[in-house]
Each structure stands twice: as structure tokens, then as C-alpha cells.
Amino acid sequence: MTVNIAVIGAGRMGADHVRRLHQDIRGAAVAAVVDVDFGRAHQAAAPAGAPALESLSEALALDHLDAVLIATPGFLHEQALAQVLERGLPVLCEKPLTPDAASAWRVIQAEREQAEKNQGRRLIQVGFMRRFDAGYRQLKREIDSGSLGCLLMLHCVHRNPGTPSGFTEQMLIHDSVVHEFDVIRFLTGQEISTVQVRRGRGSSFAPGGISDPQQVLIETEGGVLVDVEIFVNAQYGYEASTQAVFENGVRSIGVGEVTPGFAERFGAAYDAELQAWVDAVAKAADGGHPVAGPTAWDGYATAACCEAGVAAQIPRRSHEAVPVVLADKPELYR
Ligand code: ISE
């Protein structure tokens, strides 16, 4: 079966996904590319031989549409997800699911309502691509195997070469540390219970008013302590690494792997993520969830972590471990 996919948003991520679906992913075809900027939609769609459209509604009206990939800015996701769920289609939604926990929870409610009508199927996968990176997967296998004993601590480094104009201090958390929140939850299999942020000496390369780098201190519900250095004006390149400390040894991934940006560092992970999703959508035609990775629950839980992280950035709270508040996990995600 060929999975016909409408890509919503033809910015950097959306255009990259169109190219990927067209050239690299088996069993996928681009059914349409949607962007409010029609020229931009056309530019991304033309090489894939797909029509360019100006609205999601037009795409959802297409006859042969099997799935939707949302790559618009995060604040537009809730509305788009509601429309796609209403049509009962599988959807891969780029991170973040939504910008805050309350809206992410509304998405969960909408997905649950849809699941009730639809044999209890989940429809949403969230684009946390690191879960498809070979290094993170290997580390997860090692943690789960227990071969080095119990996991005690994680030391994470997340560096971007620079920031685009309009970048705000909260975006250190929402745009970048959100990946660490997800990967910590993925590696440990535990929810995060508290987040603390410390600011020290800042780089003179950081745009006015932004304190960069920052140290984010995290504790999981099982007592795994994590420190994250987030540094988004590191100049020299992009680097994402994790060192895992066990009772009986240490494992590191990504240390010294410097690329121009995240697209190069995680290119293979994006390929694997899209292939797994397309395969799951094709397989779900015979029953099962059309989802092969992080769910709307993961999107909600990381949104709650981001809220705690942004609260912890407030200077007067810099010595406070701010609790992450989560609702009970619904049956659909257990
Ligand atoms: C960017 O938006 C991403 O999602 C990358 O994966 C992340 O590493 C980077 O820090 C963000 O700016």
C-alpha cells in the first residue's frame, strides 16, 4: 500500500519532510503541501509532483488521503490536530505537540473521543526524532538490559551554533530542552518530577537580555538526577550528547560529534522516524494503532516539563526545584 500524506507547513522542517517522503521513504507519496504562503508551498511541492494548497481544509477534502504530517509552528498545532482528528486520520505532529500543558491536554481529550468512535485507536505520533537515533536507541537497550547495573545519573549537553532573530529566553526550554525532557523520559521510562534552572556567567554572543548558557537540573520520579547544559549561541557548531552513569560503568553518546546544525546530526533519525510512522500507518489498515513512537501523552508530559522549566527560569526561583504537574495517564496511553 502507498500511504498518501498531506504535509502542512512548508517551512524548513515541512519542506525537508516533503523531500524525505518523496525521495527516501518507502511506501509513501506526498498528496499535497499546504502553506498560507502559496509560493512556499509550491516550491516544496513541485519536486514531489504534488499540488500546493493554501488551507488544511482543502487537503482534508482530498479523496485519497491516508495521513497528515503537521510541521507548522507549535501554536497552530491544536487547531490543526482537531481538524485532522475529526476526519479520523493518522497524524505525525512535529514537536512540540502544543506550546503548553492545558492545550496538550485538550488534544488528548480530542484523541480519546475519536478513539471511542474508532476501535480504541490512537492517531497521533509526536515528532521527537531522537527516539529513532541509533545512539539513543543503543543506550536505551543498555539501560533496559541492566548489564551495567542501575542507571544513576545522566549528563546532557545541548548546543546550537546560534539563534534566529526573535529568539526568547523561554525558547531555550520550549525549543531545545524539550528534546532532553523527552529523551530522559524515553531512556529512564520514568516521568520527570522536578526541574530547576541555574543561570551563571552568560556568553557575550547571546542576543540582548538572554542569559545563555543555562544549567537545567532535573529529577525523575525514580530519583535519577540529570544535568543539562543548554547553550544556544555556542558558535562552533551543533552538539547533542549524553553521558549515562551506571553502578558499574559509563556510556556516552554524541560526545565530540559536531555538525553545522541539528538537521545533519539527526538526519538519519528523521529518516527512521518517518519510515517507522509510514510503515505503522500502512500496517494499521489491518487494525492496530497507526503510531510507531511518542504519543500525545509524551507531548503532554513534555509540555508540562517545559512549563516547570520556564517557571524555574524566573531569577527569584533559581534555587527552587519546580514540580512537574501531570494528570493521571489515560488508559489509551498505557
Ligand atoms: C530545534 O528547533 C530542534 O528541534 C533541534 O532538534 C534542537 O536540537 C534545537 O536546539 C532546536 O533549536
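Read the numbers this way: they start at 1 and go in the same order the structure lists the ligands and their atoms.
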- Residues S203 and F231: closest non-hydrogen pair is CB-CE1, 3.9 Å
- Query: Quick one: do the Q109 and R112 side chains pair a donor with an acceptor below 3.5 Å?
  - Reply: yes
- Query: Which atoms of ligand 1 sit under 4.0 Å from any heavy atom of S176?
  - Reply: 9 (C), 10 (O), 11 (C), 12 (O)
- for atom 3 (C) of ligand 1, nearest protein heavy atom and its distance come out as H179 NE2, 3.6 Å
- Message: Is a donor from one side chain sitting under 3.5 angstrom from an acceptor on the other, for E273 and Q125?
- Response: no
- Query: Is there at least one pair of N or O atoms, one from R130 and one from ligand 1, spaced under 3.5 Å apart?
  - Reply: no
- Task: Give the contacting part of F266 toward ligand 1: side chain, backbone, both or neither, where contact means a heavy-atom distance below 4.0 Å.
- Result: neither
- Task: Starting from atom 1 (C) of ligand 1, find the nearest protein heavy-atom neighbour and note its residue, name and distance.
- Result: F262 CE2, 3.7 Å
- Message: Has E142 got a side-chain atom pairing as donor or acceptor with S147's backbone, closer than 3.5 angstrom?
- Response: no
- Task: Ignoring hydrogens and angles, state whether a donor on the side chain of Y238 or R265 is under 3.5 Å from an acceptor on the partner side chain.
- Result: no
- Atoms of ligand 1 under 4.0 Å from any heavy atom of H158, numbered from 1 in the order shown, are 7 (C), 8 (O), 9 (C), 10 (O)
- Item | Heavy-atom nearest option to atom 12 (O) of ligand 1, drawn from L172, D175, V177, I230 | D175
- Query: Does any N or O atom in N160 lie less than 3.5 angstrom from one in ligand 1, N or O only?
  - Reply: yes
- Sorted by chain and residue number, the salt bridge (Lys or Arg N to Asp or Glu O under 4.0 Å) partners of D227 (sequence neighbours excluded) come out as none
- Message: For atom 8 (O) of ligand 1, what is the closest protein heavy atom, and at what distance to 0.1 Å?
- Response: Y238 OH, 2.5 Å
- Task: Could you tell me whether the side chains of T220 and Q190 share a donor-acceptor contact shorter than 3.5 Å?
- Result: yes
- Item | Atom indices of ligand 1, in the order listed, that fall short of 4.0 Å to a heavy atom of M129 | 6 (O)
